[in-house]
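This report concerns only the one structure given below.
So that the names make sense, note that chain A is the first sequence line, chain B the second, and so on, each numbered from 1.
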Amino acid sequence: MNAVEIEQAVSDLAEQPFDAEAFPFAFLEAFGNKPTTLKKLRNGASNKSDLGGVLQTNNIHIRTCAPGAVAETLTALRDSPATARAKARFILATDGHTLEAEDLTSGETVACDYIDFPSHFGFFLSLAGISTVRAIKENAFDIRATSRLNRLYVELLKDNPDWGRAERRHDMNHFMARLIFCFFAEDTDIFNGTGLFTATIDQFSTRDSTNTHEVMGQIFRAMNIKPTDRAAANLRPWADVFPYVNGGLFSGNLDVPRFSKIARSYLLHIGNLDWTQINPDIFGSMIQAVADDEERGALGMHYTSVPNILKVLNPLFLDGLNAALEAAGDNARKLLNLRNRIARIRVFDPACGSGNFLVIAYKQLRAIEAEINRRRGETDRKTEIPLTSFRGIEIRDFSAEIARLALIIAEYQCDVTYRGQKEALAAFLPLDAQNWITCGNALRLDWLSICPPTGTGVKMQADDLFQTPLDQAQIDFENEGGETYICGNPPFKGSRKQKTQEKEDLERVFSGLTAKWKNVDYVGAWLMKAALYNDACEAPFAFVATNSICQGQQVPITWALLQKRGFRIRFAHTSFKWSNLAANKAGVTVVIAGVDRKHDGRRWIITDDIRREVANINPYLTHHEIDIVPAHKKPRFTQVQMEYGVYYSKSAGLILEPSEKVRLVEQGVPLRFMRRFLGSSELINGNERYCLWLDEADLEEANRYPEIAQRIAAVKRDRLETEDRAVNNLAAKPYQFRERKGDDLVKIFVPIVSSENREYFPAGLSDGSVIPTSKVFYIPDGPLWALSIIISKLHLSWIETICGRLELRLSYSNTMGWNTFPIPKLTEKNRADLTTAAENILLAREAHFPATIADLYDPEKMPDNLRAAHDRNDEVLERIYIGRRFRNDTERLEKLFEMYTRMTTKVSAE
DNA sequence: CATCCGACACCTA
DNA sequence: TAGGTGTCGGATG
């Protein structure tokens, strides 16, 4: 169960009539305990209570009691020897009217009305064994609000199916945003009287819910009427007490969906939450899942955490501002200058989602401004940071609505914090009618018109707006000379996973710049658009991106274009795993790159939160002064060619597990029809796999074995079924793989993917009969000196830098890794020495037979003789390169790049 | 034909 | 249930 599901279960439990006997079990069930666990507790097998309650070891001691006896029951629980013996973390007592509980490790206590105990669900969360308890506990309110809004949303769509259809989705989303605003407003005195909105609905709509939508509609209408027009508006008195809000929020279509009885009760239920606790930075990204059919399952668990957002914003501009604040000290004039500067900073997130980057940026700037005002003795000064300086583009309508709302709420909360409740209220209404979050496709919109660089107006230029342009951002900035920073976390999508529309988006951005855009990840288009934006005004940019944007084949496309335009990387977070609260959700590995066109200034590479100042950052995100290395079809510095293995997509029928091979042999199938089939996993882990290896001439004989005939037929079927035209054509020869190669000579085998934790890239040898899969490269009849190079530290440093990766795994490539690797002219003696060194490594491995490569190259357990053989190999090779051992990888890379540059210029000059 | 990559996918401790 | 580590298939040059 995730936190949202637990919240729902706990809320449901509180609403049911109290049953003293069943409560402890229902409580544990709500927190995700399994039926078998509960059964054992119920029949007493695992119930350790000495008070007639329920005591779960290492967890909680619960006791229900007679009315009025809660306090003494809790004391009894605390004093119970069984509580200590079972190491219970919590104790809980309730009589159905009140509930008291204590966290025995922290000493925290809860005492509340029984019906309200779900409000404290964060307190009990570790009962559910949720590992990220702290993060969830801190955001318990946002989770509860998300959960309840989700229930309301689903219920409303059930009663109003037309509101779920594409043409009314926007109305539905806008309606939800209005609701959230009202809940927030009624709890923060923005409306006159606490809980006014919920109370009015409760009081003036009938219990059968038939007129709920009318009452709400009337209230919404009131909020769209200026005080001066009120008299003529003929509002009902109970609606007239609502203030004028507008700001775009209550203009336009004021329709309200119809409420069923259930929906009405959900509504009142949500209204009873304490909305002052909302975190606009977190809440927005949680709530956006409500309107997303695909994401609703993992509701609210995918939000970008604040620390991750700060990884982008801090080095991009906040660090600089904080340094300026420190430098200003108490100097009033310097502080004033800094405040003026901050007031004109614009932050633009062209993939803003529910606006969390913008909200965090806003809050951080307000904090700096407040500190300036404090030092200048102007604490009740109105803020000079306009909300409209925080601009965004978002493709999902609901998220765009929420982003706008989150910023409004953030502004109010900052005003309360820095100026006081009274001042915040006075400044809040009516809302700014301007719209500075644009809903649309960022790759098809003109960023200059959404975030115009000067005070001069630029008209919208877009062909793919989802709404009338009138609703969209067209506000000019009055901040001539202000700074602009572009940031965000745009969507990633690998080049082979993009849909037609996404391909078109990429084409629009890149066509005219490069012909190779089809290999660029979707996120690359944001980098490129940001760079193009810089043609009009200087705007440093920093994005979270999939790490493959800084690896392998993408570097020579995107980064080459940016470098050509004079951009360099100002700071970079090297690859780290992007995490969120979603369970069972494999993450993605990302980098953060900050880019600008300034030549001077300091640069940083940040790895594991350790910041290192460097003179240069190359597109592979290391500090070396190196060129971009494009792939090469043929080896540039040797005659030795490295081939790609046999492509075996849609060939399952031709592949044999060892048991299947045995079965075929028992059926009398001749061994010459079968070969060992070797990919990375077989090479590294020693797994066995075989394949059918048939020639056209073998076909007649092979088909006499029914299983072989069946397997061939299955391959034919698979190949015809797929969408891939090229594979369809292969159905003509279903008895073999796409290629028939690699079946004769002794081969050097190089796995394609190998763990980054190994100290060497583990290539090996194999006899001629073994068939290489497309998960390995191989050198047919390869010289052993080539193996010596491939398994050297020197080559590894090249591979790690230049080749692509699978997450963090090394991903070998012949075109990028082998063909580009600088190899000096080798003398006969060099070759002989390298051959001996390679042989010694192979012998050292054999000494440990039958240990697998994975065993042998486990960095913790690598055998001494193998390590020594590698060391010797590195020694021989490195002496050939510089006459001694390299001191470290930096020296290795610098030498290799020096050679690469020299040898490639020489080659092209010839 | 030849490869590159995966807001991954799978398996195990 | 989190960490460790490489399959398979689509698509592209």
Side-chain angles (χ1 to χ4, degrees), chain A residues 2 129-132 294-295 298 302 304 351 489-500 503 515-523 544-549 551-557 577-580 582-590 630-634 641-652 655 677 679-685 687 689 718-719 721-730 737-741 751-758 762 773-777 803-819 853-854 857-859:
Chain A
N2 69 32
I130 288 185
S131 50
T132 36
E294 282 172 22
E295 272 197 61
H302 288 158
T304 310
N489 175 5
F492 320 152
K493 203 150 214 196
S495 62
R496 315 300 146 113
K497 302 211 164 182
Q498 292 155 7
K499 299 277 186 297
T500 324
K503 284 275 177 233
K516 290 179 261 176
W517 55 266
K518 282 188 173 176
N519 276 327
V520 178
D521 191 284
Y522 202 42
V523 70
V544 180
T546 167
N547 63 349
S548 59
I549 204 87
Q551 292 163 13
Q553 64 168 195
Q554 296 201 55
V555 172
I557 312 172
K577 196 112 181 147
W578 194 247
S579 60
N580 55 42
N584 307 324
K585 172 87 175 138
V588 53
T589 303
V590 302
H632 229 257
K633 278 273 172 205
K634 299 275 174 215
Q641 292 217 34
M642 188 181 284
E643 314 276 340
Y644 189 61
V646 171
Y647 186 78
Y648 61 100
S649 172
K650 299 290 166 191
S651 307
I655 299 168
F677 199 48
S680 296
S681 156
E682 290 77 18
L683 186 70
I684 291 168
N685 297 315
N687 303 331
R689 241 168 144 205
D718 288 349
R719 291 183 182 175
E721 268 171 15
T722 173
E723 299 281 305
D724 189 335
R725 299 282 306 169
V727 175
N728 292 156
N729 293 335
L730 296 176
F737 298 105
R738 190 176 70 187
E739 299 92 11
R740 200 183 149 84
K741 63 182 182 187
I752 283 191
V753 177
S754 170
S755 166
E756 72 279 15
N757 293 323
R758 300 185 181 119
T773 80
S774 61
K775 293 271 69 79
V776 289
F777 292 100
C803 291
R805 295 197 180 212
L806 205 184
E807 301 272 303
L808 295 169
R809 294 334 66 69
L810 300 172
S811 184
Y812 199 90
S813 153
N814 55 353
T815 63
M816 284 179 285
W818 177 249
N819 295 350
I853 295 280
Y857 286 85
D858 181 333

### Query
For the pair made of CZ in Arg740(A) and P in dC1(B), what is the distance, rounded to whole Å?
13 Å
### Query
Is there a side-chain polar atom (N or O) of Asn685(A) under 4.0 Å from OP1 or OP2 of dG6(C)?
yes
## Note on the structure
On DNA chain B, more 5' by nearest nucleotide between Arg805(A) and Leu730(A) is Leu730(A)
### Summary
Lys634(A) NZ to dT3(B) C1', in whole Å, measures 14 Å
### Message
Protein within reach of the bases, or only the backbone? For nucleotides 7-13 of chain C, mark each nucleotide 5' to 3' as B, S or -, using heavy atoms under 4.0 Å.
### Response
BBBBBSS
### Query
With sequence neighbours excluded, what pairs up with Phe777(A) under the ring pair (Phe, Tyr, Trp, His ring centres under 6.0 Å) test?
Tyr644(A)
### Message
Run the side chain to side chain contact (heavy atoms under 4.5 Å, CB included) test against Ser813(A) and tell me which residues pass, sequence neighbours left out.
### Response
Cys803(A), Thr815(A), Met816(A)
### Query
Can a donor-acceptor pair under 3.5 Å be found between the side-chain atoms of Asn547(A) and the base atoms of dA7(B)?
no
### Task
List for me each residue that meets side chain to side chain contact (heavy atoms under 4.5 Å, CB included) alongside Lys741(A), sequence neighbours excluded, and say none if there are none.
Val646(A), Glu739(A), Tyr778(A)
### Query
Among all residues two or more places apart in sequence or in another chain, which pass the side chain to side chain contact (heavy atoms under 4.5 Å, CB included) test with Asn729(A)?
none
### Task
Sequence neighbours left out, what passes ring pair (Phe, Tyr, Trp, His ring centres under 6.0 Å) with Tyr812(A)? Give chain and number order.
Phe761(A), His795(A)
#### Entry: Tyr647(A): partners by ring pair (Phe, Tyr, Trp, His ring centres under 6.0 Å), with sequence neighbours left out
none
### Task
Verify whether one side chain among Asn547(A) and Thr589(A) offers a donor that lies under 3.5 Å from an acceptor in the other.
no
### Message
Which is more 5' along DNA chain B, the nucleotide nearest Cys803(A) or the one nearest Glu807(A)? Just name the residue.
### Response
Cys803(A)
### Task
Using the P atom as the reference point in each nucleotide, state the distance between dC8(B) and dC4(B) in Å, no decimals.
23 Å
### Message
As a test of your reading of the structure, name each stem of DNA chain C as range with range, where a stem is three or more consecutive Watson-Crick or G-U pairs at under 3.5 Å.
### Response
B:1-6 with C:8-13, B:8-13 with C:1-6
### Query
Atom CG of Asn728(A) to atom C1' of dC1(B): distance rounded to whole Å?
17 Å
### Message
Please report the interatomic distance CH2(Trp578(A)) to CG(Asn489(A)), rounded to the nearest 0.5 Å.
### Response
5.0 Å
### Atom pair distance, as rounded to whole Å: CG in Leu808(A) and P in dG6(C)
13 Å
### Summary
The side-chain hydrogen bond (donor to acceptor under 3.5 Å, both in side chains) partners of Lys518(A) (sequence neighbours excluded) come to none
### Message
For a quick check of understanding: with a heavy-atom distance under 4.0 Å over all strands, which category does Pro491(A) fall into, base, sugar-phosphate or nothing?
### Response
base
### Task
Evaluate the side-chain hydrogen bond (donor to acceptor under 3.5 Å, both in side chains) criterion for residues Lys493(A) and Gln498(A): first the C-alpha distance (whole Å), next the side-chain angles of each, then the deciding distance (0.1 Å), finally the verdict.
CA-CA 6 Å; Lys493(A) 203 150 214 196; Gln498(A) 292 155 7; over 6 Å; no
### Task
Looking at every strand, decide which applies to Arg719(A) at a 4.0 Å heavy-atom threshold: base, sugar-phosphate, or nothing.
nothing
### Message
Nearest whole Å is fine: how far is dC8(B) P from Asp521(A) CG?
### Response
12 Å
### Query
With sugar-phosphate meaning primed atoms plus P, OP1 and OP2, does Asn814(A) contact a base, only sugar-phosphate, or nothing at under 4.0 Å between heavy atoms?
sugar-phosphate
### Query
dT3(B) and dA7(B): how far apart are their C1' atoms, nearest whole angstrom?
23 Å
### Task
List in chain and number order the residues that pass side chain to side chain contact (heavy atoms under 4.5 Å, CB included) with Ile655(A), two or more places apart in sequence or in another chain; answer none if no residue qualifies.
Tyr648(A), Phe677(A), Arg689(A), Phe737(A)
#### Entry: Non-neighbouring partners of Glu643(A) that pass salt bridge (charged side-chain N to carboxylate O under 4.0 Å, His left out), sequence neighbours left out
none
### Message
Please classify the nucleic acid contact of Ser813(A) as base, sugar-phosphate, or nothing, using heavy-atom distances under 4.0 Å.
### Response
sugar-phosphate
Nucleotides 11-13 of chain B: which of its N/O atoms have a protein N/O under 3.5 Å away?
none

### Query
At under 4.0 Å between heavy atoms, what does Ile752(A) touch on the DNA or RNA strands: base, sugar-phosphate, or nothing?
nothing
